[in-house]
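Shown next, in structure tokens, is the structure this report addresses.
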Amino acid sequence: MTPEEQREQDLRERQAAKLFSGRVDFLLSAPQLKFLPEPDVPEVAFCGRSNVGKSSLLNALTGRKSIARTSVTPGRTQELNIFEVGEPTQFRLVDMPGYGFAKAPPKVVETWKKLVRQYLRGRVVLVRNLVLVDSRHGLKDVDREMMTMLDEAAVGYRVVLTKADKIKASALEKTAEAVAAEARKHPAAYPELHITSSEKGMGIAALRAAVVQDALG
């Protein structure tokens with residue numbers, strides 16, 4: 001990154017931090033699309049395997065301790081949880097149901113999948129999706145299934161490695177290279193890979209700036 005590019009990135013990060021230091025409120029949980037708010041502002045959605053760290057990442061991005069509930073129990077998020085950013089609302093964050101390993105009956109899991117598919121294919125204000133992948137495990141088949149679903153829905157997405165502080169640097173580098181190489185094969189995947197740790201703050205400022213850029217241009 002050139003010095004000029006670094007200055008621009010620093011500016012974007014400061015502007016994003018300022019925006020998130022203002023109003024960020026939980027709006028509602030939607031078990032069906034008909035309960036979603038009017039599609040009048042851009043939305044950025046978060047998805048990932050159960051217990052991948054979505055709630056922790058949302059808390060870190062928004063600078064709140066518990067705006068999104070965290071749990072060690074996989075499958076806790078069963079609806080689309082909507083958060084509004086800005087006053088007046090500039091855009092929304094959408095926490096999607098975790099997939100894979102959910103401790104729920106197959107019928108319930110299928111209901112979640114249907115909800116996610118309908119949201120991805122029918123929500124006109126959805127501008128970007130973040131696919132969260134646990135750094136310790138890399139891509140699993142359920143992640144690939146979601147990435148293919150996003151490709152088919154023509155929804156652009158960023159791949160975000162979470163819990164990067166939980167493994168050695170050498171292992172993290174190897175995982176990042178493998179995930180990035182596979183992401184390049186997906187037409188809707190954004191070329192830049194984000195490596196984050198909600199606990200240590202690693203990569204949070206850059207991802208926050210990317211989310212704001214995706215939402216507001």
Side-chain angles (χ1 to χ4, degrees), residues 20 23-86 89-134 140-150 152-160 162-163 188 196 198 207 211 214-215:
F20 275 101
R23 173 180 173 264
V24 181
D25 287 334
F26 170 74
L27 179 63
L28 56 83
S29 293
Q32 298 176 36
L33 295 194
K34 66 181 180 181
F35 296 107
L36 288 173
E38 289 297 316
D40 50 9
V41 296
E43 293 176 353
V44 176
F46 294 68
C47 69
R49 295 197 306 273
S50 296
N51 215 27
V52 74
K54 278 194 290 94
S55 295
S56 296
L57 186 68
L58 275 164
N59 289 334
L61 283 175
T62 60
R64 272 69 175 175
K65 290 185 177 180
S66 58
I67 192 166
R69 294 177 301 175
T70 57
S71 174
V72 295
T73 304
R76 180 168 181 169
T77 304
Q78 301 178 20
E79 303 171 334
L80 297 172
N81 291 318
I82 316 296
F83 304 86
E84 292 189 327
V85 181
T89 302
Q90 300 293 302
F91 62 93
R92 298 188 183 102
L93 304 177
V94 181
D95 183 11
M96 296 165 61
Y99 54 79
F101 312 117
K103 293 183 178 179
K107 188 174 182 180
V108 174
V109 174
E110 189 54 43
T111 299
W112 298 354
K113 288 183 178 180
K114 183 179 179 181
L115 175 65
V116 168
R117 287 194 199 98
Q118 290 176 337
Y119 174 73
L120 293 177
R121 293 176 178 176
R123 191 65 169 171
V124 294
V125 292
L126 176 61
V127 295
R128 187 75 75 222
N129 204 94
L130 304 185
V131 177
L132 278 54
V133 176
D134 193 319
K140 299 292 187 181
D141 286 343
V142 285
D143 299 311
R144 297 181 178 98
E145 181 182 349
M146 172 56 71
M147 292 166 74
T148 298
M149 190 185 304
L150 288 163
E152 293 171 349
V155 176
Y157 57 95
R158 296 177 182 272
V159 179
V160 180
T162 63
K163 306 183 181 181
T196 68
S198 299
L207 181 59
V211 167
D214 289 342

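- Remark: side-chain polar atoms of Ser29 are not paired, donor with acceptor, to backbone N or O of Asn81 under 3.5 angstrom.
- Remark: the backbone N or O of Met96 is paired with a side-chain donor or acceptor of Lys54 at under 3.5 angstrom.
- The two atoms that bring Pro31 and Glu79 nearest to each other are CB-OE2, 3.7 Å, heavy atoms only.
- With hydrogens and angles ignored, the 3.5 Å screen pairs a side-chain donor or acceptor of Thr148 with a backbone N or O of Arg144.
- Taking both residues in full, the closest heavy atoms of Ala215 and Pro42 are given as O-CG, 3.3 Å, listed atom of the first, atom of the second, then distance.
- Within the 4.5 Å cutoff, the side chain of Val211 has heavy atoms near those of the Leu130 side chain.
- Considering all non-hydrogen atoms of both residues, Phe91 and Val41 come closest at CA-CG2, 4.1 Å.
- In this structure, OG in Ser198 is found 8.5 Å from CG in Leu58, a value given to the nearest 0.5 Å.
- Interatomic distance, CG of Leu93 versus CZ of Phe20, reported as 5.0 Å (0.5 Å rounding).
- Once rounded to the nearest 0.5 Å, the distance linking NZ of Lys65 with CG of Asn59 reads 11.0 Å.
- The CZ atom of Phe83 sits 13.0 Å away from atom CZ of Arg92, with the distance rounded to the nearest 0.5 Å.
- Ion pairing of Arg49 with Asp134 is absent here, as no side-chain N (NZ or NE/NH1/NH2) approaches a carboxylate O to less than 4.0 Å.
- Looking only at distances, a side-chain donor or acceptor of Arg64 sits under 3.5 Å from a matching main-chain atom of Thr62.
- The shortest non-hydrogen separation linking Val125 to Pro39 is CG1-O, 3.3 Å.
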From CA spacing to verdict: salt bridge (charged side-chain N to carboxylate O under 4.0 Å, His left out), Arg117, Glu110: CA-CA 11 Å; Arg117 287 194 199 98; Glu110 189 54 43; 3.7 Å; yes
Would Leu207 and Val160 satisfy side chain to side chain contact (heavy atoms under 4.5 Å, CB included), going step by step from the backbone distance to the final call? CA-CA 9 Å; Leu207 181 59; Val160 180; 4.0 Å; yes
Please report the C-alpha distance between Val85 and Gln90 in whole Å, then the side-chain angles of each, then the deciding distance to 0.1 Å, and finally whether the side chain to side chain contact (heavy atoms under 4.5 Å, CB included) criterion is met. CA-CA 6 Å; Val85 181; Gln90 300 293 302; 5.5 Å; no
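- Looking at heavy atoms from C-beta onward, Val52 lies out of side-chain contact with Val133 at the 4.5 angstrom threshold.
- Legend: residues meeting side chain to side chain contact (heavy atoms under 4.5 Å, CB included) with Lys114, ordered by chain and number and at least two apart, are Gln118.
- Checking Val155, Asp214, Val159 one by one against Asn129, the side chain to side chain contact (heavy atoms under 4.5 Å, CB included) holds for a single residue, Val155.
- Closest approach of Tyr119 and Ala45 over heavy atoms only: CE2-CB, 4.0 Å.
- Among residues two or more places apart in sequence or in another chain, the side chain to side chain contact (heavy atoms under 4.5 Å, CB included) test is passed with Ala188 by Asp151, Tyr157.
- Without hydrogens or angle criteria, Arg121 side chain to Ala153 main chain gives no donor-acceptor distance under 3.5 Å.
- In this structure, CG on Leu57 lies 5.5 Å from CG on Leu132, to the nearest 0.5 angstrom.
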Dump the intermediate steps for side chain to side chain contact (heavy atoms under 4.5 Å, CB included) on Leu36 and Arg123, then the final yes or no. CA-CA 10 Å; Leu36 288 173; Arg123 191 65 169 171; 3.9 Å; yes
Take Glu152 and Leu120, measure what side chain to side chain contact (heavy atoms under 4.5 Å, CB included) needs, and give me the verdict at the end. CA-CA 10 Å; Glu152 293 171 349; Leu120 293 177; over 6 Å; no
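- Atoms CG and CD, from Leu126 and Glu43 in turn, are 7.0 Å apart once rounded to the nearest 0.5 Å.
- Salt bridge absent: Asp143 and Lys140 never bring a charged side-chain N and a carboxylate O closer than 4.0 Å.
- No side-chain heavy atom of Tyr99 sits under 4.5 Å from any side-chain heavy atom of Lys113.
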